[in-house]
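Order of the sequence lines sets the chain letters (A, B, ...), proteins ahead of strands, with each chain counted from 1. Since we're looking at a predicted model, the values are computed, not measured. Quick note: numbers below take in every heavy atom, side chains included, and nothing from hydrogens, waters or symmetry partners.
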Amino acid sequence: MLYHIFKGGKMFWSKSYIPTEKEMPADAIIASHRLLLKGGFIRQELSGAYTYLPLGLKTLAKIMSIVREEMDSTGALELLAPSLASKEIWQATGRWDDFGDDMFRFKDRKGRDLCLAPTHEEIITNLAKRDFRSYRDLPKSLYQLQNKFRDEPRPRSGVLRMRQFIMKDSYSFDRDEKGLETSYNLHKKAYKNIFTRCGLSFRIVSASTGLMGGSDSEEFMIPSESGEDRIVYCSNCSYSANLEVAVSSVGKISYPSKPLEKVNTPVGGSVSEVSSFLGYTQDRMMKSLLWIIDDKPFFLLLCGEDELSETKLQKHLGTGRPAHSDEILKITGAPAGYVGPIGIEDVAVFADKRLEGATGLSTGANEFHHHYINVDIGRDFMIEDFLDLREVRKGQKCVNCSGNLFVENAIEVGHIFKLGKKYSESIGANFTDELGEDKPFVMGSYGIGIERIMASAIEQNHDENGIIWPVSISPFEVVILPLNSSNENVREVSLSVCETLAASSIDFLLDDRDERAGIKFKDADLIGIPLRITVGEKNAVKGMIEIKRRDTSFVETIPLEKTLEIVKHHINELYGLCSVN
RNA sequence: CGGGGCGUAGCGCAGCCCGGUAGCGCGCUUGGUUCGGGACCAAGAAGCCGGAGGUUCAAAUCCUCUCGCCCCGACCA
């Protein structure tokens, strides 16, 4: 009521809905989750589903507006498809089954099978099938900002892994691979712009295509301890990849070649226990894993210091599982830890490429407390094939330049795919070329997790006091704190500041609550508005105000007349920090 | 799906082992003093102790079953 001159009340704290908490919410672990809850941006509704309160929604709206600007500038066209989808359209591509329990399914009142769309390739491709008939209609890129639904086995980390979330997804339709290349690169450039403008530091890594299929894909990753993915990058060159697909180069394993010998190893069967008993380094141990794939047993051999990459295994041999202890005993005659491929018939053996030509190793002898030593690959047992099966580890060498590889956690905020004809062919989405022939569209698919941008920005920009928003996605650019609204000078000066900022379309929030200064300062820090203007009694009398930067804590006291000039200076500088150029 | 933890006032928690009819801090309401970094005093309001069943004279507390939430792992554009 103090500043009734401004209509709508959008910028008045007292009239808004910003339920900040004094104590840290118990269930939240990671910074973004804690601060979004504590700052009154979000409230949980269900496991994996949140309500976005005014501050949260405003942040998301700013992110989505950046996304729209960049997508539009590539020539992509926005549309909005339904979340409801029929079983039939998903069966055409086989994904009604492939998605499994991750898809929310139900029946309508007539008993028809429906789902909540976890993604929209099928639906959008079906549109293209209907409406894009000629090569003259191409290329086209369609995008939407949409709620997606996935019944995640374990929603977690606040808004990082949800069951309902907002995704910007786009789909490109081209007449050939060359066109796809262009569409793909347009998206890649737009994505770089989007994440830069959102104030994020990111890496682009090559990735696994997973359920989407297609030939190539790249992920946009935000390095963060809270990330669920791990990425590998070279310290020397531009090589970077998701750990799931990353490769490395390692030296040959070569120890003196001697006659095979069985030795007693009366210790636990782990690589570290046996190697230290034998006085071997761990790379001299050959790890023999017994897996069951399609009901058949396989030996998978790795260097003792390496771990199996299940993603790579799946790509080569299909989905499998480690053998249970009773199966191990039945097949090898020994318990886990003492097994190996030597002397075992009828079990296919695949080895990691690192073991190619390796000599002088030790592995299990299929007898409790016994191992072979002086094992030579290729001499003592047969190998079906050498495959890339190991997970890259920090310190290994880059395959391109021999630089050192590093591994770090990261949040996946974007993923771009070259799909090719997978969807167009199975759905029968064709166009007619100049020769009058029907051809399937060559497609790409491109996703961005909107809430993940919000969370990543916080993970990368916060301190013990709260969020430090990049100005481009902050719910407000400026927060104004009149410290004592009952004081005439404070009111007049604050009002004047509001009028000045409003006239220049600067996005501000006025903390007009009847609260003590300490509470206002704490809350302003918590919700992370980049620029704070404080109007205190002593300064107000002199016609002065105080400006403070949230990021650097830089403070200056300036005369009221210079408000616009100084505010604009700081805001420009802040936008400069997340500017494309 | 395996392992662990938690559901008690709006929020954060204690009480549970050893049953006896519910408590602390913050917040909220009213009054007063304060007023530039989460003030102080006084007086209040507020909880079918997640749900169902059982044991008992008596259950927040013991037993069984359920539902929900979080964390680790598995899984996952």
Compile the donor-acceptor pairs under 3.5 Å between side chains in residues 21-40 of chain A and protein atoms, sequence neighbours left out, one pair per line.
residue	atom	partner	partner atom	Å
A:E21	OE2	A:R43	NH2	3.2
A:S32	OG	A:E459	OE2	2.7
A:H33	NE2	A:Y50	OH	3.1

Using the C1' atoms only, state how far B:C18 lies from B:C13, rounded to an integer number of Å.
22 Å
Whole-angstrom distance between B:C49 and B:U61, as gauged at atom P
10 Å
In short, A:A85 meets A:W90 closest at the heavy-atom pair CB-NE1, 3.4 Å
Atom pairs, N/O to N/O, protein against nucleotides 66-72 of chain B, distance under 3.5 Å?
residue	atom	partner	partner atom	Å
B:C69	OP1	A:S47	N	2.8
B:C69	O2'	A:D27	OD2	3.0
B:C70	OP1	A:Q44	NE2	2.9
B:C70	OP2	A:S47	OG	2.9
B:C71	OP1	A:S157	N	3.4
B:C72	OP2	A:R154	NH1	3.3
B:C72	OP2	A:R154	NH2	3.1
B:C72	N4	A:R154	NE	3.4

Less than 3.5 Å between a donor and an acceptor, one on the side chain of A:D525 and one on the base of B:G37, is that the case here?
yes
Check A:K418 with A:E181, please: is the shortest side-chain N to carboxylate O separation under 4.0 Å?
yes
Closer than 4.0 angstrom, basic N to acidic O: yes or no for A:R513 and A:D523?
yes
For the pair made of CZ in A:R516 and P in B:G37, what is the distance, rounded to whole Å?
8 Å
Look at the aromatic rings of A:F104 and A:F149 and report parallel, tilted or perpendicular, splitting at 30° and 60°.
perpendicular
P atoms of B:G25 and B:G44, separation to the nearest Å:
15 Å
Can you tell whether the side chains of A:E219 and A:R203 come within less than 4.0 Å, N to carboxylate O?
no
Using 4.0 Å as the upper bound for N to carboxylate O, is an ion pair formed by A:E228 and A:R161?
yes
B:C6: pairing nucleotide in any strand, Watson-Crick or G-U under 3.5 angstrom
B:G68
Less than 4.0 angstrom from a charged side-chain N to a carboxylate O is my criterion; do A:D294 and A:K296 meet it?
no
Partner of B:A39 under the Watson-Crick or G-U wobble criteria, both distances under 3.5 Å, comes out as B:U33
With both distances under 3.5 Å as the test, what is the Watson-Crick or G-U wobble partner of B:G25?
B:C11
Who is the Watson-Crick or G-U wobble partner of B:C48, with both distances under 3.5 Å?
none
Please list, in numerical order, the residues of residues 528-547 of chain A that have a heavy atom closer than 4.0 Å to any atom of RNA chain B.
A:R532, A:T534, A:G536, A:N539, A:E546
C1' spacing across the pair B:A46 / B:U29, given as an integer number of angstrom
10 Å
NZ/NE/NH1/NH2 to OD/OE distance under 4.0 Å, A:R230 and A:E408:
no
What interatomic distance, in whole Å, is found between P of B:C16 and the corresponding atom of B:G20?
9 Å
Rounding to a whole Å, what distance do you find between A:F165:CZ and B:C76:C1'?
11 Å
Distance check, P atoms only: B:A22 and B:G47, in whole angstrom units.
12 Å
Please assess A:Y446 against A:H415 for the test ring pair (Phe, Tyr, Trp, His ring centres under 6.0 Å), listing each intermediate value before the final yes or no.
CA-CA 6 Å; A:Y446 319 86; A:H415 201 157; over 10 Å; no
Mind checking salt bridge (charged side-chain N to carboxylate O under 4.0 Å, His left out) for A:K421 and listing every partner two or more places apart, or none if nothing turns up?
none
Which residues within residues 446-466 of chain A lie with some heavy atom under 4.0 Å of an atom in RNA chain B?
none
Base-pairing mate for B:G53 - Watson-Crick or G-U, with both contacts under 3.5 Å
B:C63
Taking atom P of B:C75 as reference, at what distance in whole Å does atom CG of A:L313 sit?
11 Å
So, do A:F476 and A:F508 have ring centers that fall under 6.0 Å from each other?
no
Has A:K15 got its NZ or CZ under 6.0 Å from the middle of the six-membered ring of A:F12, at an angle within 45 degrees of the ring axis?
yes
Taking the side chain of A:R161 as its heavy atoms from C-beta onward, which of B:C76, B:U34, B:A74 lies nearest to it?
B:C76
Among B:C76, B:C11, B:C75, which nucleotide has an atom closest to any side-chain atom of A:E310?
B:C75
Walk along nucleotides 25-31 of chain B from 5' to 3' and tag each nucleotide B, S or - by protein heavy-atom contact under 4.0 Å, base first, then sugar-phosphate.
BSS----
To the nearest angstrom, how far is A:D229 atom CG from B:C76 atom P?
12 Å
dist A:I558:CD1 -> A:N539:CG (nearest 0.5 Å) comes out at 10.5 Å
What pair of heavy atoms forms the shortest contact from A:S170 to A:H187, and how long is it?
OG-NE2, 3.0 Å
Salt-bridge criterion met for A:K520 and A:E515 (N-O under 4.0 Å):
no
C1' spacing across the pair B:G32 / B:C6, given as an integer number of angstrom:
42 Å
Walking RNA chain B from its 5' end, the first of A:P153 and A:N484 to be reached, judged by nearest nucleotide, is A:N484
Given atom CG of A:D514 and atom P of B:A39, what is their separation to the nearest angstrom?
13 Å
Rounded interatomic separation in angstrom, taking CG from A:L481 and P from B:G38:
14 Å
Heavy atoms under 4.0 Å, any strand shown: does A:D101 hit a base, just sugar-phosphate, or nothing?
nothing
Between CZ of A:R321 and P of B:G2 the distance, given in whole Å, is 16 Å
Please state the P separation for the pair B:C72 and B:C11 - nearest whole angstrom.
23 Å
As its Watson-Crick or G-U partner within any shown strand, both distances under 3.5 Å, B:C1 has B:G73
Could you state the CG-P distance from A:D102 to B:C75, rounded to the nearest angstrom?
13 Å
Need the pair for B:C17. Rule: Watson-Crick or G-U wobble, both distances under 3.5 Å, any strand; none if unpaired.
none
